[in-house]
Structures are given as structure tokens and as C-alpha cells.
2 protein chains.
Amino acid sequence: MLKISELSEQTGLSAHTLRYYEKHGLINASNRSEAGYRFYNDSDLRRVQFVKTARNTGFSLADIGQLLSIRVDKRSHSCQDVTDITQKKLLEVNAKLTELQSMQQTLELLLESCCGGPENATHCSIMEALDAGLLREDNKEARLIK
Amino acid sequence: MLKISELSEQTGLSAHTLRYYEKHGLINASNRSEAGYRFYNDSDLRRVQFVKTARNTGFSLADIGQLLSIRVDKRSHSCQDVTDITQKKLLEVNAKLTELQSMQQTLELLLESCCGGPENATHCSIMEALDAGLLREDNKEARLIK
DNA sequence: TATAACCTTAGAGCCAACTCTAAGGTCAAT
DNA sequence: ATTGACCTTAGAGTTGGCTCTAAGGTTATA
């Protein structure tokens, strides 16, 4: 039986975070001392580790809530239930990736276009590009003007 | 001279957002009617467009504040001042990209490993992977167990 | 028995960038 | 003169995931 500080050590999650997860229905201490101290058993620990792993994978706490309810009753759920959640998450991640890649490209083009030197910014091509609206929508491809 | 709703139309930013940007010192209406209505001139419009472009490029409002203070007095700033901000942003974007790419890879591996079919989740390999801690730190590379 | 290091709870605060509300004033058209 | 569409402000609410505080109770050690 682990106290919350010990569970915190084992998992790398703060006691605050563990209580927060409990408040949001993700985890629980299966026992309490007379004084109300939480005590976690092995099964509790594994559940917390599941949550942590899912979190690292990018799942939101809401997603994890769904995954956990599958986890406690696997018989009543299908593999498709699981892949649906995973697929949805992958789509979100891919959307974010696309957005960030576009930013990355723009920033790289901006940096290439500018000398970056100590001369004053009167003709700075980054400032000019931002002033000019930066992007032109040609051929469905956003690209830096000039 | 544009009223705020007209500037909103021109820029695609809501009147709420325009007032919010003003409150945070990014933009301003160079004139007001007797009754206090904001009126924007061409220079105001260009500044708002600059903000919007910078926003689309991924810069935070704080970054944009810095870029704007360069913009109004280019003579007192160097190209390096501009590239410093841009470079910092690029590093942030790259860090986020790395994180998301790792999530993407994990999610794809999970999806590959699971049948995704209507059979019950008793032996679902995604659930098993999440239960097992999913990742092993071998050779500094996170990879899916099995 | 005193002290320090734990534990409890409810609830507030943080972050960024909006987004919206309330309560009221203005303006153009009917 | 009245509608309805605008405008103003200060300030509250939203999102997600923590993070922290206050005020108090418990436990182990000296």
C-alpha cells in the first residue's frame, strides 16, 4: 500500500496531479486510512501508469476516461472502440503537424530572406514580408512573396 | 475611415478581437468620433494586417508587440533584432514538431498493431501496449514494445 | 511533548488568446 | 418618435491541465 507521496515517486506525477486526476474520475485510492489518507494498491498503481502512458502518447484526459472505461470492462467493448479513439487522436495530431509544418516553412523562409546582421531594420526583408501579407495563395500553395 | 465593423470585415478579425488587441497595446484607432466610436485609417489597417499575418505565422501576441515596436522605428533596430525573434519562434515550433511527430509515430504503431475489428477488447494490443507502458527507452529511442 | 514532515479539503490562480455579457449610448431609416 | 443595428466599457467566462494556497488534521521521530 502506497501513500500518495510514494505513488507520486513511483509515477513521477505530483500528489497534486494525482488528486486532480481523482477529482476528474480517472483514478482512485482503493483504501483510505482511518484519518482519511489515501492508500494505493498495485492495481491502482497500474491504472495510474496507464493514465501516464496515455497522457504521454497525447491523449486528453477525456480520451483517457474513455480508454479507462474500456479497460475495466474489455468484454463489453470492441477493438474498434479502441481504434476509433486512437484514430481520432491521430487525426488531431496530424492536423496540428500540418499547421506547425507550415509555420516552420514560413519561418525558415523568413530567416533565409534576412541578413540578420547589425544593420538597421529599415529594409529588413522579414518586416517587409510581414507587411506585405507574407503569403500568396498560388496553386493552393502558400509561399513567401519574392 | 473605417468603423470597427468595417475593419473587422476587411481583416477577418472580430470586433471583439480588435478591441482585445487594442487593450493589449498592439493596435489603435487613430481617430474617434465625438461619441467615442473608433475610426481606423489606412495606416491602422496596415498595422492590423501586419498583426494578423504575424499571428498566422505563429508569433505570440507578446512577440508581435516586439515586432511592432521595431516596425514603428526601424532605424533604431537591427535585422538581428528581427531574426532573434524569428529564430526563437522557429525553435519553439521545431520543439513542438518533434513532440508531435513522436506522438504521431506512437499512434500509428498502435493502430498498426490492432485489428480494429468488432471482436471484444480482451486482447486488444493497443490496450496491452498502454498497460505495458508502451514505450521502452532503448538506445535513447522510444519505441513500441513488441 | 514538540516539531517537522506528512496528509486532508475546497477552491483559487495560471497560461494564452480569445469570446462573450451586461448595461448602456448612437445613429440611420422609417 | 421608434425601431433595430450599430457602438461603447468593464469585466466575466472559456479551454485544458495542471499548480498552488489556506487552513487544518496526522504521524513519526527526538
Side-chain angles (χ1 to χ4, degrees), chain A residues 1-40 44 48 51-68 85 88-89 92-93 95-96 99-100 103, chain B residues 1-40 44 48 51-68 85 88-89 92-93 95-96 99-100 103:
Chain A
M1 291 299 216
L2 302 168
K3 280 191 293 180
I4 198 164
S5 61
E6 293 161 343
L7 183 64
S8 169
E9 253 178 74
Q10 294 275 320
T11 59
L13 300 170
S14 76
H16 280 304
T17 297
L18 292 168
R19 289 191 205 98
Y20 174 82
Y21 285 174
E22 180 181 309
K23 190 157 59 180
H24 287 72
L26 298 181
I27 65 172
N28 224 329
S30 42
N31 294 287
R32 290 273 185 147
S33 76
E34 288 196 1
Y37 284 28
R38 291 169 178 81
F39 283 118
Y40 299 91
D44 296 336
V48 173
V51 171
K52 193 192 177 189
T53 300
R55 216 47 213 97
N56 288 343
T57 308
F59 289 108
S60 69
L61 299 189
D63 293 334
I64 295 172
Q66 292 190 64
L67 291 170
L68 285 168
I85 296 169
K88 196 193 101 233
K89 188 73 222 170
E92 287 170 28
V93 167
K96 204 89 188 52
E99 199 189 329
L100 281 168
M103 285 179 193
Chain B
M1 291 298 217
L2 302 169
K3 279 192 293 181
I4 197 165
S5 61
E6 293 161 342
L7 182 63
S8 169
E9 253 178 74
Q10 294 275 320
T11 59
L13 301 170
S14 76
H16 280 305
T17 297
L18 291 168
R19 287 190 205 98
Y20 173 83
Y21 284 175
E22 180 180 309
K23 190 155 61 179
H24 287 71
L26 298 181
I27 64 172
N28 225 327
S30 43
N31 293 287
R32 291 273 186 146
S33 76
E34 288 197 1
Y37 284 29
R38 290 169 178 81
F39 283 117
Y40 299 91
D44 297 334
V48 173
V51 171
K52 194 193 177 188
T53 301
R55 214 52 210 93
N56 288 342
T57 308
F59 289 108
S60 68
L61 299 190
D63 293 333
I64 294 172
Q66 293 190 64
L67 290 170
L68 285 168
I85 296 168
K88 195 191 102 234
K89 187 75 221 171
E92 287 171 29
V93 166
K96 204 91 189 55
E99 198 189 329
L100 282 168
M103 286 180 191

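Here is how names work: the chains are called A, B, and so on, in the same order as the sequence lines, proteins then strands, and each is numbered from 1. In what follows, every heavy atom counts, from backbone to side chain, and hydrogens, waters and symmetry copies are set aside.
Of the candidates C:dT26, C:dC18, D:dG17, the closest approach to any side-chain atom of B:Y37 belongs to C:dT26. Comparing atom distances between the A:S60 side chain and each of D:dT27, D:dG17, D:dC7 picks out D:dG17 as nearest.
The shortest distance between the side-chain N/O atoms of B:S33 and the OP1/OP2 oxygens of C:dT26 is not below 4.0 Å. Between A:R38 and the phosphate of C:dC7, there is no side-chain N or O to OP1/OP2 separation shorter than 4.0 Å. Side-chain nitrogen and oxygen atoms of B:R55 include none within less than 4.0 Å of the OP1 or OP2 phosphate oxygen of C:dA16.
In this structure, the CD1 atom of B:I27 is 15 Å from the P atom of C:dA17, given to the nearest Å. Atom CZ of B:F39 is separated from atom C1' of D:dC6 by 11 Å (rounded to the nearest Å). Taking atom CG of A:L18 as the reference point, atom P of D:dC20 lies 14 Å away to the nearest angstrom. In this entry the distance linking CG of A:L7 with P of C:dT8 reads 11 Å, nearest Å. Remark: P of C:dG25 and CZ of B:R32 are 17 Å apart, rounded to the nearest angstrom. What separates NE2 of A:H24 from C1' of D:dG16 is a distance of 9 Å, to the nearest Å. In this structure, CD1 of A:I4 is placed 14 Å from P of D:dT19, rounded to the nearest angstrom. If you measure from atom NE2 of B:H16 to atom C1' of D:dT14, you get 14 Å, rounded to the nearest angstrom.
Counting non-hydrogen atoms under 4.0 angstrom, A:S14 reaches nothing in the nucleic acid. Using a 4.0 Å heavy-atom cutoff across all strands shown, A:R19 reaches at least one base atom of the nucleic acid. Contacts of B:Y21 with the nucleic acid, taken as non-hydrogen atoms under 4.0 Å apart, involve only primed sugar atoms and P, OP1 or OP2.
The shortest distance between side-chain heavy atoms of B:L61 and B:Y20 falls below 4.5 Å.
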For side-chain contact (heavy atoms from CB on, under 4.5 Å), just list the numbers for B:F39 and B:K3, CA-CA rounded to whole Å, side-chain angles, deciding distance to a tenth of an Å, and then say yes or no. CA-CA 5 Å; B:F39 283 117; B:K3 279 192 293 181; 3.4 Å; yes
side-chain contact (heavy atoms from CB on, under 4.5 Å), that's the test. Do A:Y21 and A:L13 meet it? Break it down for me. CA-CA 10 Å; A:Y21 285 174; A:L13 300 170; 4.0 Å; yes
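Remark: A:L18 CG to A:R38 CZ distance equals 9.0 Å, nearest 0.5 Å.
The closest side-chain donor-acceptor pair between B:T53 and B:N56, if any, does not fall under 3.5 angstrom.
Toward the 5' end of DNA chain D, the nearer of the two residues A:A62 and A:A35, judged by each one's closest nucleotide, is A:A62.
A donor and an acceptor atom never sit less than 3.5 Å apart when one is taken from the side chain of A:Y20 and the other from the base of D:dG16.
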